[in-house]
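Worksheet for the structure shown next.
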Protein chains: 4
Amino acid sequence: MAKKTPETEIKQKIYLSARKLFVEKGYHRTSIPDIVKDAGVSIGAIYHHFSSKEELARVIHEDAVESFLSRYQLYVDSQRTALGKIRGFVELMLSWADEDLITVNYLLHARPKEILDCNFTICTAEGLEAVKKIVEFGQKEGTFKDADQILLAAFISGPVMRLIELKTDGIITQPLSSIIDTTTQLIFDALKK
Amino acid sequence: MAKKTPETEIKQKIYLSARKLFVEKGYHRTSIPDIVKDAGVSIGAIYHHFSSKEELARVIHEDAVESFLSRYQLYVDSQRTALGKIRGFVELMLSWADEDLITVNYLLHARPKEILDCNFTICTAEGLEAVKKIVEFGQKEGTFKDADQILLAAFISGPVMRLIELKTDGIITQPLSSIIDTTTQLIFDALKK
Amino acid sequence: MAKKTPETEIKQKIYLSARKLFVEKGYHRTSIPDIVKDAGVSIGAIYHHFSSKEELARVIHEDAVESFLSRYQLYVDSQRTALGKIRGFVELMLSWADEDLITVNYLLHARPKEILDCNFTICTAEGLEAVKKIVEFGQKEGTFKDADQILLAAFISGPVMRLIELKTDGIITQPLSSIIDTTTQLIFDALKK
Amino acid sequence: MAKKTPETEIKQKIYLSARKLFVEKGYHRTSIPDIVKDAGVSIGAIYHHFSSKEELARVIHEDAVESFLSRYQLYVDSQRTALGKIRGFVELMLSWADEDLITVNYLLHARPKEILDCNFTICTAEGLEAVKKIVEFGQKEGTFKDADQILLAAFISGPVMRLIELKTDGIITQPLSSIIDTTTQLIFDALKK
DNA sequence: AATGAATGAGATTTCATTCAT
DNA sequence: TATGAATGAAATCTCATTCAT
């Protein structure tokens, strides 16, 4: 498992409650007392383990990015064809969302702008780089269209993100893993020459 | 012009400053004093024109939805082919984003959950319905695949939303209207039989 | 009256309560709720008039310094002999302490170090300069000893400050103005050639 | 040596760091974590050796008083003339300040009001008594003026305290022991008949 | 003796909102 | 209409202290 888990049991409880509440209610509508209630710990314990509410959000976010990147290696880098890589990416995201919708949503929606003054769009940036690498590979392979890489990348991440959103909003009810194949095919249809 | 414009100059100033700040910093990080400063009006003026901060957000949001729907009629409903409707939708969104990125972002990102307790997911709901109508049309026409409508809809809205995000983040620098044709083509390639 | 008085009645109440409490209990043992209770105003009113507790202390302090300087002009600068200036200084401090022990104590004891990170020892600095000017004058006049100016200055301010402290602590019970003459004489005996 | 030194090395470290920080930043701005950092010990160690932060302050203070009193015996009580006693007091204070400015400042400035609810003005009280004894001696001897004893006492302690303050603030840079003679002479000039 | 995780009361400050003018 | 002084609930965070190890 690539997920970095916090050391102590209490730290873990704080971490999980905070992540859940941040996704459910948003960062700003989640107060420290909310986390205290949900995690069943004291205020002091939170500040003992995390220097501030903001730092708590940052740690959660960085863990999610790290988790994404290690899954990416497993599902995408290991594939040797463009189609395989697309399928890997789709499978990574959709099955991960089935398994841990909270973390995936945190990754997709924790808009740093909402939390921090300075933009550290590590999410957008890292996510984009990862997907652009797939596009580059497909173009070198000769499988993909020669259109702008960023545009093509939007056709990989865009539909996947949208599907996860629709699952979160309860509009899609079936497991996302049941539509991995179709999704992969549609993306491929869009990108292939 | 479909945009409902506030009546007085002061109300207009409040409206524009609030919308700008909500997009720039998020709803919760924008305080009434922030709006006072930016708009150069008094606290009293804000509460004279809007009953609460929440109502201010709701008015802005509803205007954006209304604006979207009237543009939808113009660009999409008027089209008589599935391809035409896709092109219309893409053109509507991308040229609108070029023209008024703030409003479009407000529409896409104002997550009601962040603002209100009760979900008034008018955005997601309305947006989804609109796009699903295109899918239905294309399937009736016999042009589109017979896959799940929601899945196909995700291939229309997903990439478009992603492109607007990338423009907002400064990763795409060219006008979005310059990629209307290619985007349309890629969506069509994904959906067509 | 040289004392700058705050504009509104409420601001005035906050100012006076804060000054009283800061002197009585010290800056750090005086909480905002303490001031709220004593002044009979709301928390919000305090923050409406003063940007922070620290600023409240700074304003009080600066007023006291300003008040000191204008009294100094009146009592000391107007005198044309060294003895007259010493008497003026002693009278200024001791009669002021009789009249407004709180302000004088604030001036003498508000150790900026207790309140702020950076030292802005305006009190010490201003006070010292004022007293050093008397010493310079007396040396030019030929009345005072030729010892180090700072040392001589310590014989003007030191006993006066000590007397005010003893009055504050309740060890001296008579009005300080009753010992102006003797105090002046003793200082003069120490400094004169 | 009259100074009661804490028994263990760790207790000593805590004691010295606390005293230094109390003087540097004031009692209230010094937190237990500050002492932990400065002394390089654990929280537990502090509470093992001292029952509370307040007790730590009290022990430091009482040590300083005790140290003062034993020095007083040595420097003042041993003298058999009023002039000798004044010189003894001045030497005691100024050379002690050169040697251990922190302790002396603690003695002079630790305003109990800042620390405790109940006044334990041991400093003011003990200090005053000591100096008043010199005045009594000088009056009995027939050397000193017949003015109020407290007033005369203020001319012994006031200038000395002021000089130490000026040294602490960096306004006096030379060693205070270099001005023992002049200071003695000036005090004597003020008090003598 | 020594540690440091855990506690929770209490501190300062913010900010949406009201209301007298 | 328009103003901004005033309110006070609620937010984040600090810190002296306890206690199991």
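By convention in this document, chain letters (A, B, ...) are assigned in the order of the sequence lines, proteins followed by strands, and residues within each chain are numbered from 1. Quantities reported herein were computed from a predicted structural model and do not represent experimental measurements.
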Report summary line: Residue set satisfying side chain to side chain contact (heavy atoms under 4.5 Å, CB included) with A:Val59, at least two apart, ordered chain then number -> A:Tyr15, A:Phe50, A:Glu55, A:Asp63
**Report entry** With B:Ser31 via side chain to side chain contact (heavy atoms under 4.5 Å, CB included) - residues at least two apart
**Finding:**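 So B:Ser31 forms a side chain to side chain contact (heavy atoms under 4.5 Å, CB included) with B:Pro33, B:Asp34.
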**Report entry** Test log, rule side chain to side chain contact (heavy atoms under 4.5 Å, CB included), inputs D:His48 and D:Val41
**Finding:** CA-CA 11 Å; D:His48 182 73; D:Val41 301; over 6 Å; no
Requested in this report: Kindly say whether C:Ile14 contributes a backbone atom to a donor-acceptor pair with the side chain of C:Ser17 at under 3.5 angstrom?
Outcome: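 Here the side-chain-to-backbone pair does not exist.
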**Report entry** N/O (side chain, B:His49) to phosphate O (OP1/OP2, F:dA2) under 4.0 Å
**Finding:**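 Checking F:dA2 against B:His49, a side-chain N or O does come within under 4.0 Å of OP1 or OP2.
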Query raised in the report: Are A:Leu56 and A:Ile35 close enough, and set up right, to give a side chain to side chain contact (heavy atoms under 4.5 Å, CB included), and what steps lead you there?
Result: CA-CA 11 Å; A:Leu56 182 47; A:Ile35 299 169; 4.1 Å; yes
Report task. Could you walk me through whether B:Val65 and B:Glu62 pass the side chain to side chain contact (heavy atoms under 4.5 Å, CB included) test, one step at a time? Result -> CA-CA 5 Å; B:Val65 170; B:Glu62 279 165 9; 5.5 Å; no
Report task. Kindly determine whether D:Leu16 and D:Arg19 satisfy side chain to side chain contact (heavy atoms under 4.5 Å, CB included), including the steps that lead there. Result -> CA-CA 5 Å; D:Leu16 293 175; D:Arg19 195 175 59 185; 3.7 Å; yes
Query raised in the report: Residues two or more places apart in sequence or in another chain: which of them pass side-chain hydrogen bond (donor to acceptor under 3.5 Å, both in side chains) with C:Thr30?
Result: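 With neighbours one apart ignored, the set is empty.
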Requested in this report: Report the secondary structure of DNA chain F in dot-bracket form, marking unpaired bases with a dot and bases paired to a different strand with |, and treating Watson-Crick or G-U pairs with both distances under 3.5 Å as paired.
Outcome: .||||||||||||||||||||
Query raised in the report: Between which nucleotides of DNA chain E, read 5' to 3', does contact with chain C run, using atoms under 4.0 Å from its heavy atoms?
Result: E:dA11 to E:dT14
Query raised in the report: Does NZ or CZ of C:Lys53 lie under 6.0 Å from the centre of the six-membered ring of C:Phe22, at an angle within 45° of the ring axis?
Result: no
Check: protein-nucleotides 7-11 of chain F nitrogen or oxygen pairs below 3.5 Å:
from: F:dT7; atom 1: OP2; to: C:Ser42; atom 2: N; distance (Å): 3.1
from: F:dT7; atom 1: OP2; to: C:Ser42; atom 2: OG; distance (Å): 2.5
from: F:dT7; atom 1: O5'; to: C:Ser42; atom 2: OG; distance (Å): 3.1
from: F:dG8; atom 1: N7; to: C:Gly44; atom 2: N; distance (Å): 3.2

Query - Separation of F:dA16 C1' from D:Arg29 CZ (nearest whole Å) - result: 17 Å
Query raised in the report: D:Tyr106 vs D:His61 aromatic rings, parallel, tilted or perpendicular, using cut-offs 30° and 60°?
Result: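 Because their plane-to-plane angle lies in the 30° to 60° range, the rings of D:Tyr106 and D:His61 count as tilted.
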